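Data first, discussion second: the structure below is written as structure tokens.
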Amino acid sequence: MARARRLAAVTDNTQQSPASGPNSTPELPTQYAPAEVEGQLYESWVARGYFEADAKSPKDPFTVVIPPPNVTGSLHLGHAFEHTLIDAVTRRKRMQGFETLWQPGMDHAGIATQNVVERELAKEGKSRHDLGREAFVERVWQWKAESGGQISGQMRRLGDGVAWSRERFTMDEGLSQAVQTIFKRLYDDELIYRAERIINWCPRCLTAISDIEVEYQDDDGELVSIRYGEGDDSIVVATTRAETMLGDTAVAVHPEDERYRHLVGTEIELPLTGRRIPIVADEHVDPEFGTGAVKVTPAHDPNDFEIGQRHDLPSITVLDEHAVITAHGPFLGQDRLEARSAIVAALRAEGRIVAEKRPYTHSVGHCSRCKTTIEPRLSMQWWVKTGPLAKAAGDAVRDGQVKIHPEEMSKRYFDWVDNLHDWCISRQLWWGHRIPVWYGPDGEMVCVGPDEEPPSGEGWHQETDVLDTWFSSGLWPFSTLGWPERTESVERFYPNSILVTGYDILFFWVVRMMMFGIYAMDGTPPFHTVVLHGMVRDQFGKKMSKSFGNAVNPLDWMDAYGSDAVRFTLARGANPGVDVPIGEDWVQGSRNFANKIWNATRFALMNGATVEGELPPAERLSAADRWILSRLNSVVAEVDAYYEDYQFAKLSDALFHFAWDEVFDWYVELSKTTFAKGGAGAEASRRVLGEVLDTTLRLLHPVMPFVTEKLWTALTGRESVVIAEWPTDSGFRDQAAEQEIGTVQQLVTEVRRFRSDQGLQPGQKVPARLDLAGTALPPHEDAIRSLLRLQPAGDGFTATAALPVVGATVELDLSGAIDVAAERKRLTKDLTAAEKEVAQTSAKLTNEAFLAKAPDHVVEKIRTRKAAAESDIERISAQLAALPQG
RNA sequence: GGGCGCAUAGCUCAGCGGUAGAGCGCUGCUCUUACAAAGCAGAUGUCGGCGGUUCAAAUCCGUCUGUGCCCACCA
């Protein structure tokens, strides 16, 4: 209450010098309340169309697509992070006058979404088969409607400046056309084919998945050694997957292996089956491993499949799609794990287990969606022949058409594209783009383009498989613009300017976009620059996960501290390509920063800061004014350079320190004296303060859009900072002023230190005499006295302390005796440090080798250091001498 | 098995050849007319170990230890 009354009084005092413009009597509370500010602002930006992009605009385009979030749920902190970076970049570009398109949308996320909806159904005790394909897909669309709404609500909350009117979904009519078009084209170019191969099969999802959807983990298995054959002709194989032996069609040994050479070409009996299988020689076998003999199961192991191909072996499938044994006999109908122990038991009964099973840790593939152990399975699937596409995708980066930030990441990119296997694109799912191929009654196969009628008639039916979800997201940079139509948007906004995404989907997504973009768009890669960011982690650098309990819902933090605070924290942690730890304390810190900006702007408004009119010429400005303008322009240049290099942490930090340490802690404090004096000096400072805040708010806007909008419009009375011009460096620099203010800061800090050490309360007024002769400080005497709470030296003034500093002397009259011991201790410590510095620098400056080889500026620097240390010694000695005895 | 990276203040991280930095945390004093979500002052590091290059090394090279990630058809 008391504070509120005091504030009212202050506001009254400033009535005598009102600011011009519509905001001269601002109604800003003393604390920034994000919740009251953020909500309304976003919808007004949307309503005014700031985020929409016009393909007909004469401005240069700047395009970036959203990495489409899966419709499986809600956004997490990682999305908030990614969106903050993209939003910051696009907001700056918009302010710089580009026709800016941030393309929004979502991904249907085939297998992931199907799984989520199947789980929903399971709660009702149903499976998708109870509904049938059509009804199930309908059900997924319903889910999409709900989940998608939630996601767009979160994006609004974050402040994402996306072109909502252009929002797309990978299962849209238009995007589905794009999918069909590219499929048909690839098919006709023989870059898509159908073939029976060993694929990664998930026995729970009941679909094939691609190599990168398999996650390998070390699992504890058991290696058992089994004797095949009888007597001298027997051979012992080692395996972790005994159940697949029912499908063995050979035993392989290394061609050079002396132990088994005599057996190659012979046949032995496969236990439990009565079948006879050949022993073949194959380079793939490692004679050092196990017994040096491998059982070969072409239908259930990728390596064995290849051995089978080389030796023309049959493939016998013994596991069905659920990974249940199909081979007739005692094991029929058993699950793979059940069968494994049953078969080992049966073999033991026959005395064929020669070495007891031993623990063996090996890498086993799991479905990235449901964690079920992958079953390699021979099956008929659709493939993209990646060779030529991947070559082009690699070359585009190699020849510099596409740049990857940070550059070290391009190594990983090359490792990947240069070793790419063909891509299995068919999925045995219901949710997704159905493959546009029709089969005829006589085994015909017709690929149907988007403008063609599918064949009809007796016996024709469409392929039931759908496409891998990454097939459609690979088209995202141009399908969202209306391709395959040659729309104005395609012409204008392709290629995209940049892509911002996590390094974790470099292979999944970026490589696919590169391949498809170059292929579909006549050799033009989809973007010029790829900016890869890290993963959000908790405050200890641990991975965030629901099961570990350290996952954070970004909305909770946005509710508590505001979106700006969350965004600023994330941006401030965003060093290129590395993971970003974030903790609630840090978000609080950012909220404090927002509040600080809020209050500094309140101060400016209460004191009539203005942005109207030309900036006064340098001759009419005080040293403080020139200093802060000089610094401001340096910071503009610095922040701009950081933006061009996607150094979000650096630019945020630079702004944080400039605003808080320089503008708020010094310039604003100095200006209090100026404003109190009034006159032309105050008039000029009001304009300068307005300028500095105006520019600082613009610079901060891309990262902290809400609070800057509220304050900037209050300060300037203009429409919106969203469409304000991005600041440019005017080139104004004033070394002399920077130095002069630096001296003021040094003096003030030194005297404050003394006051603090002497146990003086911060507010306590102290009579003092200032001798500033011979320095540039006289114009700052009032400010110095005010900052240090120094009163004029009255009649009974007796100096009890004399502080020589920066060539000036400050004499203080402390009513009681000063703590001489404390001060002496302090000064002695400083003196020792200074003497050490002199010793070190002197040693360098007398070192012949150093003088001969070090560059001039380094030598000069050392000289300066030595001189500074020497003058410190002089100063401190004088202070020590001036201390009263006792 | 390959490849990449990291070890700097209590915590999380910048710096990457010329006096050790930031945020948070910590200590002390304060409601000093924008802000206690604040102000002022302060403490804190043989920059993982060992060698080497250099006038000069947290920074470059080698090596050891610890640690993280990615890739791989280890039966």
Side-chain angles (χ1 to χ4, degrees), chain A residues 2-3 6-7 9-10 13 28 30-32 198 216 223 237-241 252 284-286 289-291 293-297 301-306 360 362-363 376 408-409 411-412 415-416 419 503-504 506-507 537-541 561 569 572-573 575 577-583 585-586 588-607 649-650 653 656-657 664-665 668-669 672 676 749 752-757 759-765 786-787 789 837 840-841 844 847-855 857-859 861-862 865 868-869:
Chain A
R3 213 183 314 144
R6 211 165 56 214
L7 177 66
V10 169
N13 286 344
L28 301 179
T30 59
Q31 270 197 358
Y32 173 49
I198 290 268
Y216 287 88
L223 198 59
V237 299
T239 182
T240 54
R241 299 211 55 198
H284 171 263
V285 180
D286 174 7
F289 187 92
T291 58
V294 189
K295 62 191 270 308
V296 180
T297 325
D301 183 280
N303 294 315
D304 294 4
F305 181 74
E306 285 182 16
Y360 177 66
H362 61 144
S363 184
E408 303 88 78
M409 287 283 181
K411 278 185 220 150
R412 280 199 196 185
D415 281 352
W416 184 257
N419 298 298
Y503 62 71
D504 59 329
L506 181 63
F507 308 141
R537 291 170 173 269
D538 77 4
Q539 60 194 309
F540 303 110
Y561 308 109
T569 309
R572 204 167 174 203
N575 285 302
V578 301
D579 291 346
V580 187
I582 182 170
D585 289 354
W586 310 352
Q588 261 173 37
S590 299
R591 184 273 314 266
N592 296 355
F593 179 49
N595 188 54
K596 189 75 183 176
I597 302 167
W598 178 268
N599 275 294
T601 308
R602 280 180 66 235
F603 170 84
L605 290 168
M606 285 190 255
N607 288 283
K650 299 254 162 49
D653 204 54
F656 177 87
H657 285 290
F664 304 156
D665 284 350
V668 163
E669 291 305 319
K672 286 177 181 172
T749 303
R752 276 177 178 162
R753 196 229 84 211
F754 177 78
R755 289 185 52 124
S756 175
D757 283 355
L760 292 180
Q761 299 197 333
Q764 190 178 329
K765 303 267 202 304
S786 156
L787 290 170
R789 317 279 149 193
E837 178 76 358
Q840 278 175 359
T841 47
K844 280 219 153 178
N847 182 332
E848 296 294 333
F850 171 73
L851 292 173
K853 298 203 178 177
H857 72 272
V858 173
V859 176
K861 214 167 169 178
I862 302 288
R865 273 172 50 197

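Computed from a predicted structure; not experimentally measured. Note on naming: letters A, B, ... go to the chains in the order of the sequence lines (proteins, then strands), and numbering restarts at 1 for each one.
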Please give, in whole Å, the distance from [N] [atom2] to [X] [atom1]?
X      : N      : atom1 : atom2 : value
A:N419 : B:rC71 : CG    : P     : 13 Å
A:N607 : B:rA34 : CG    : P     : 7 Å
A:D665 : B:rU32 : CG    : C1'   : 14 Å
A:F540 : B:rU67 : CZ    : P     : 20 Å
A:R753 : B:rG39 : CZ    : P     : 22 Å
A:K672 : B:rG39 : NZ    : C1'   : 9 Å
A:F603 : B:rC35 : CZ    : P     : 10 Å

Stem segments of RNA chain B by first residue number [Watson-Crick or G-U, under 3.5 Å, at least 3]
B:1-7 with B:65-71, B:10-13 with B:21-24, B:26-30 with B:38-42, B:48-52 with B:60-64
[atom1] gap between [N] and [M], integer Å:
N      : M      : atom1 : value
B:rC60 : B:rG45 : P     : 24 Å
B:rA38 : B:rC31 : C1'   : 9 Å
B:rG42 : B:rA37 : C1'   : 22 Å
B:rG52 : B:rU59 : P     : 14 Å
B:rC6  : B:rC61 : P     : 11 Å
B:rA20 : B:rG48 : P     : 15 Å
B:rA72 : B:rG2  : P     : 16 Å
B:rU8  : B:rC35 : P     : 41 Å

Which part of the nucleic acid, if any, lies within reach of [X] when heavy atoms closer than 4.0 Å are counted: base, sugar-phosphate only, or nothing?
X      : value
A:R591 : base
A:V285 : base
A:T601 : nothing
A:A594 : nothing
A:P302 : nothing
A:F305 : nothing
A:V578 : sugar-phosphate
A:D579 : nothing

Would you check if A:Y32 and A:I597 make a side-chain contact, meaning some heavy-atom pair closer than 4.5 Å?
no
Atom [atom1] in [X], atom [atom2] in [Y]: separation rounded to 0.5 Å?
X      : Y      : atom1 : atom2 : value
A:T239 : A:L223 : OG1   : CG    : 7.5 Å
A:I862 : A:E837 : CD1   : CD    : 8.0 Å
A:T841 : A:K861 : OG1   : NZ    : 14.0 Å

Determine whether any donor atom in the side chain of A:Q31 lies under 3.5 Å from an acceptor atom in the base of B:rA38, or the reverse, and answer yes or no.
no
Does A:K411 contact B:rC4 through a side-chain donor or acceptor facing the base, at a distance under 3.5 Å?
no
Apply salt bridge (charged side-chain N to carboxylate O under 4.0 Å, His left out) to the pair A:K672 and A:E669, showing each step before the final yes or no.
CA-CA 5 Å; A:K672 286 177 181 172; A:E669 291 305 319; 3.2 Å; yes
Base-contact (B) and sugar-phosphate-only (S) positions in nucleotides 16-21 of chain B, heavy-atom cut-off under 4.0 Å, - elsewhere
--BB--
Taking for each residue the nucleotide of RNA chain B bearing the nearest heavy atom, is the 5' side occupied by A:V294 or by A:K650?
A:K650
Return the 5'-most residue of the pair A:D286, A:S756 with respect to RNA chain B, ranking by each residue's nearest nucleotide.
A:S756
Side-chain N or O of A:R752 versus OP1/OP2 of B:rA41: is the shortest distance under 4.0 Å?
yes
Which nucleotide sits closest to the side chain of A:N575: B:rU12, B:rG42, B:rA14?
B:rA14
Side chain of A:T30 - closest among B:rC35, B:rU32, B:rC29
B:rC35
Polar atom pairs between nucleotides 22-26 of chain B and protein, under 3.5 Å, N or O only, would you list them?
unit_1: B:rA22; atom_1: O2'; unit_2: A:H657; atom_2: NE2; d: 3.2

Could you verify whether a donor N or O on one side chain and an acceptor N or O on the other, from A:Y503 and A:D579, lie under 3.5 Å apart?
yes
What's the shortest heavy-atom distance between A:F656 and A:R572, and which atoms?
CD2-NH2, 3.4 Å
Minimal non-hydrogen separation, A:R241 against A:P376, with atom names:
NH1-CD, 4.0 Å
